[in-house]
Number of protein chains: 2
Amino acid sequence: MTTDLTTSAPATGPPTLDEVALLAGVSRATVSRVVNESPKVSPEARVAVQAAIAQLRYVPNRMARSLVTRRTDTIALVLSEPNSQVFSDPFFASIVHGVSAALAETELTLVLLTARDAREQQKIARYARQGHVDGVVLMSLHSEDLLPDILTEAGVPLVLCGRPYDGRSVAYVDADNQGGARVATEHLIGLGRSRVAVLTGPMDMIAGVDRHAGWVAATTDAGRRPDPALVAHGDFTEAGGEAAMARLLDQAPDLDAVFVASDPMAVGALRALRAAGRRVPEDVAVVGFDDADVALTSDPPLTTVAQPLDVMTTELVELLGRQIDGRAEPAESRTCPTRLVRRASA
Amino acid sequence: MTTDLTTSAPATGPPTLDEVALLAGVSRATVSRVVNESPKVSPEARVAVQAAIAQLRYVPNRMARSLVTRRTDTIALVLSEPNSQVFSDPFFASIVHGVSAALAETELTLVLLTARDAREQQKIARYARQGHVDGVVLMSLHSEDLLPDILTEAGVPLVLCGRPYDGRSVAYVDADNQGGARVATEHLIGLGRSRVAVLTGPMDMIAGVDRHAGWVAATTDAGRRPDPALVAHGDFTEAGGEAAMARLLDQAPDLDAVFVASDPMAVGALRALRAAGRRVPEDVAVVGFDDADVALTSDPPLTTVAQPLDVMTTELVELLGRQIDGRAEPAESRTCPTRLVRRASA
DNA sequence: GAAATTCGTGGGAGCGCTTCCACGAGCCCT
DNA sequence: AGGGCTCGTGGAAGCGCTCCCACGAATTTC
């Protein structure tokens with residue numbers, strides 16, 4: 001009795017391929033060809049099918065399609081980070097923006113997933129393993145994140161946004177954090193500053209480690225000793241930057257320059273500096289990192305290290321696409337050059 | 001030749017139900033029952049199946065399941081907003097946090113989707129119509145957003161976060177914006193301030209309109225005329241708030257209080273006030289809206305109108321769940337009461 | 001002790017789609 | 001003119017899963 005449904009469907013639920021085929025007077029296969037833009041369809045058939053599709057307001061059922069094609073045309077951008085205020089980080093917003101822009105030209109859809117704890121990480125891992133997405137871009141991982149391992153082991157195409165903490169073999173795209181930090185520090189030294197401090201990010205994030213390492217390298221190269229009193233750790237937030245700057249001022253009252261590992265932190269540092277009565281850049285020169293919007297609107301505007309976000313996000317989806325299509329070298333990665341943007345703060 | 005794959009599967013690709021059934025020595029149906037926690041399975045069978053699942057590291061294919069159940073156990077949180085820096089708005093971050101927390105207890109997964117322009121809105125509409133999600137929570141809609149209509153018309157369960165601009169009949173959850181603004185303004189008037197200004201949000205957003213309306217109501221009720229010089233429009237951002245406050249100071253130099261329609265804007269306003277040499281709260285009393293984190297860390301800490309975000313997000317998923325299960329009254333909605341939080345700024 | 005239940009189980013029919021394959025019609029080449 | 005072609009097409013076999021239905025065995029009931 002369910003059989004004649006195909007011949008006299010009273011439009012129960014959304015229309016199906018068969019109903020379109022019936023209306024257009026062709027076979028299911030032909031409709032499928034039209035939908036998938038196969039060239040092997042006669043113009044007449046195509047027109048008839050398109051008309052039927054329009055009339056029925058037909059939308060293909062992606063689940064059914066995925067079941068056979070093994071593709072979902074969806075990729076996930078996973079933010080694995082316990083601290084939920086990371087959303088407010090302009091760097092994160094820029095990445096989301098860039099990735100979705102890079103995807104705009106394609107048929108791919110971007111879904112954002114957040115994992116604040118191990119439980120949510122598992123949930124996301126399950127989601128990915130169950131075949132909801134073709135691939136994953138993973139952001140902001142701290143040292144012990146489970147996701148890279150789970151996903152890799154499950155065979156889910158994966159590209160990290162940021163170099164993995166341990167040298168595990170996973171594809172990634174990153175800015176040249178160490179190089180950028182080095183150039184920033186060298187710039188400060190070149191300005192004639194003698195006590196160049198650093199305000200780092202969290203040291204369980206590779207970006208924090210690398211930017212710190214760049215400062216150490218530049219300092220050492222200049223024949224100076226990396227004085228621990230010139231180092232303070234922040235958490236990439238504005239409030240954290242303000243607090244860390246205050247500490248730094250305490251540890252090393254004689255500092256005359258500071259490289260800050262992110263622009264939000266630099267804005268906080270600017271505030272702490274002002275509160276302490278130091279003028280920027282006269283008394284203390286400041287260089288930030290990220291070239292976020294705030295770097296332009298801060299007072300004074302920040303000299304900062306710009307990451308080529310558009311290049312990075314393009315590479316990100318490019319690399320992931322290659323993995324999905326199965327034509328990627330193992331753990332192919334990219335490190336993108338940074339650029340010093342000079343403004344008023346240094 | 002593909003037929004005996006079922007009997008001698010060499011584990012091509014991820015394991016399937018059949019392979020588990022084979023290994024456990026039961027039928028496909030029984031495995032399905034175990035996976036779906038049906039009670040009608042003997043303990044022995046259950047144990048055998050569970051062992052097989054573990055051994056094969058079996059994960060059910062969600063696409064196949066969805067195809068028959070018509071459920072995806074996924075709901076989308078759609079941010080329809082051209083301005084990409086909305087991400088930085090703490091209110092948005094809080095909603096995301098709240099919704100995913102409300103979902104944590106369930107088997108539902110939350111995906112975030114962003115639509116910056118009409119094209120992306122279409123893409124999202126297609127995504128939803130194609131059956132990728134069971135329902136949609138839609139955020140931050142400006143006056144002419146296509147999504148509510150498309151989604152409603154496509155029969156996708158939908159709840160708006162924020163009252164729709166025109167009185168269209170769609171389910172929504174919103175804070176009592178007008179009531180909150182009224183209380184804030186009354187508080188300012190009650191403090192003995194005679195020139196109470198308002199710094200609104202964008203007037204093409206209902207939250208902007210409602211909060212402005214609350215100020216007008218309180219002002220009128222106090223027997224005062226809502227002076228246009230006491231009104232300035234911001235865009236819910238800190239920078240916008242700073243600029244708007246400066247304008248306000250220009251239009252009405254004699255103001256002695258201001259109700260600001262969002263905390264980020266209030267922080268900007270605080271800065272403009274300081275730049276203009278006005279003391280807060282002595283010269284100008286300030287009340288914000290949202291009770292965001294910044295309200296606590298600002299100088300001085302902000303008196304602000306708190307929205308019951310946890311209640312709102314719980315209602316949001318509750319209402320959506322009801323729609324998905326088909327047991328919701330048409331366009332069932334909620335308006336949640338706000339609360340004035342007194343701090344130092346007013 | 002026979003009939004009526006319950007219970008766990010397996011068979012099988014689909015969900016809506018893609019895609020391989022075969023088939024007939026029209027075409028060109030020598 | 002006949003054996004190749006290509007080309008558009010429809011038939012049919014699944015993709016991995018759920019769930020209805022029927023079946024036999026174990027249990028209950030009068």
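First the proteins, then the strands, lettered A, B, ... as listed; each starts at 1.
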Measure CE/B:M63 against C1'/D:dG16 and give the value in whole Å, please. 12 Å
Could you grab the distance from atom CG of A:L77 to atom CG of A:L112, nearest 0.5 Å is fine? 5.0 Å
Gap between atoms CG and P, on B:L17 and D:dG16 respectively (whole Å): 10 Å
Check whether A:D174 reaches the backbone of A:R163 with its side chain - one donor and one acceptor, N or O, closer than 3.5 Å. yes
Rounded distance (Å) that lies between atom C1' of C:dG12 and atom CG of B:D18: 13 Å
OP1, OP2 of D:dG16 versus side-chain N and O of B:T16: anything below 4.0 Å? no
Examine the base of C:dG16 for any acceptor or donor lying under 3.5 Å from a partner atom in the side chain of B:R70, and report the outcome as yes or no. no
Ignoring backbone atoms, establish whether B:S32 has a side-chain N or O less than 4.0 Å from OP1 or OP2 of D:dT18. yes
Nearest whole angstrom, please: distance from the C1' of D:dC17 to the CZ of B:R71. 16 Å
Of the listed nucleotides (D:dT9, D:dC17, C:dG16), which one gets closest to any side-chain atom of A:R33? D:dT9
Report, one line per pair, each donor and acceptor closer than 3.5 Å where one atom sits in a side chain of residues 48-61 of chain B; sequence neighbours left out.
| from | atom 1 | to | atom 2 | distance (Å) |
| --- | --- | --- | --- | --- |
| B:R57 | NH1 | A:E153 | OE1 | 3.4 |
| B:N61 | OD1 | B:M63 | N | 2.8 |
| B:N61 | OD1 | B:A64 | N | 3.1 |

Answer with base, sugar-phosphate or nothing: what part of the nucleic acid does A:V35 contact at a heavy-atom distance below 4.0 Å? nothing
Using atom CD of B:Q130 as one end and atom C1' of C:dC17 as the other, report the distance to the nearest whole Å. 12 Å
May I ask you to test the B:R126-A:E107 pair for a side-chain heavy-atom distance under 4.5 Å? yes
Mapping A:R28 and A:E44 onto DNA chain D by nearest heavy atom, which one lands closer to the 5' end? A:E44
Is the shortest heavy-atom distance from the side chain of A:M139 to the side chain of A:F92 under 4.5 Å? yes
B:L22 CG to D:dG16 P, in whole Å, measures 15 Å
Value in whole Å for how far the P atom of C:dG16 lies from OH of A:Y58: 10 Å
C:dC15 phosphate, OP1 or OP2, under 4.0 Å from A:N61 side-chain N/O: no
If you measure from CD on B:Q121 to CG on B:L147, what distance do you get to the nearest 0.5 Å? 5.0 Å
Measure from the side chain of B:A29, starting at C-beta and using heavy atoms only, and say which of D:dG8, D:dC19, C:dG8 lies closest. D:dC19
Suppose we call a contact any N or O donor and acceptor under 3.5 Å apart; does that hold for the side chain of A:R62 and the base of C:dG16? no
Check every strand shown and say whether A:T69 touches a base, only sugar-phosphate, or nothing at a heavy-atom separation below 4.0 Å. sugar-phosphate
Whole angstroms only, please: what is the CG-C1' distance between A:N36 and C:dC20? 15 Å
Does OP1 or OP2 of D:dG10 have a side-chain N or O of A:T30 closer than 4.0 Å? yes
Checking contacts here: which listed nucleotide (C:dT9, C:dC17, C:dG10) is nearest the side-chain heavy atoms of A:V68? C:dC17
Counting only side-chain N and O atoms of B:S42, is one of them less than 4.0 Å from OP1 or OP2 of C:dT9? yes
If you check the B:L67 side chain, which of C:dG16, D:dG11, D:dT18 turns out closest? C:dG16
